[in-house]
Amino acid sequence: MVGATSLREELHILRAELGRKEPGKQPASADPLSVKTGSEAAPQAEAVADLREQLGELGKALSEHTGGIEEFVKERPLASVLATFTLGIVVGRLMGRA
């Protein structure tokens with residue numbers, strides 16, 4: 001029972017510390033997704049714009065390569081199915097280990 005008493009005392013101390021903090025005030029690092037204001041908003045908006053531009057370029061590049069993949073599948077359907085099956089097994093085993 002000595003352990004239970006010390007745990008209760010520690011819990012009481014933690015509650016007292018929480019009670020001393022201002023309820024509406026949180027540290028800036030508490031919510032990394034919070035909306036930035038002032039000088040912090042401009043760099044964040046630029047980063048979002050850059051990210052959208054890069055995603056658009058990635059989409060274009062992937063759509064260009066889709067035609068080559070379609071041709072490969074049309075020419076070699078059995079090899080495509082076997083390659084996909086093998087890739088699925090490899091990914092499944094890797095996910096099983098994680």
Side-chain angles (χ1 to χ4, degrees):
M1 289 314 265
V2 175
T5 304
S6 63
L7 288 175
R8 287 183 184 169
E9 290 174 1
E10 189 173 342
L11 182 60
H12 179 69
I13 293 169
L14 290 173
R15 284 183 181 162
E17 286 179 11
L18 285 173
R20 280 187 259 148
K21 292 187 177 184
E22 294 180 34
K25 191 172 185 177
Q26 293 182 348
S29 63
D31 186 11
L33 299 176
S34 64
V35 176
K36 307 290 183 196
T37 58
S39 63
E40 296 176 355
Q44 184 178 11
E46 290 176 12
V48 169
D50 288 342
L51 180 62
R52 287 182 193 218
E53 182 181 338
Q54 290 176 358
L55 287 175
E57 291 174 7
L58 177 63
K60 289 177 185 176
L62 288 175
S63 64
E64 290 173 3
H65 291 294
T66 303
I69 294 171
E70 288 176 359
E71 289 299 317
F72 179 81
V73 171
K74 286 179 185 177
E75 293 172 3
R76 300 174 190 91
L78 183 60
S80 300
V81 170
L82 291 175
T84 305
F85 180 74
T86 304
L87 182 63
I89 289 174
V90 170
V91 170
R93 290 198 178 198
L94 289 174
M95 296 298 288
R97 292 182 184 173

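Counting begins at 1 with the first residue of the sequence.
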Donor-acceptor pairs are to be reported for all side-chain atoms of residues 69-81 against protein atoms at under 3.5 Å, with residues two or more places apart or in another chain.
residue: Ser80; atom: OG; partner: Arg76; partner atom: O; Å: 2.8

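- To the nearest 0.5 Å, the span separating CG on Leu51 from CG on Leu58 amounts to 10.5 Å.
- Every residue meeting the side chain to side chain contact (heavy atoms under 4.5 Å, CB included) condition with Ile89, not counting sequence neighbours, appears here in chain and number order: Phe85, Arg93.
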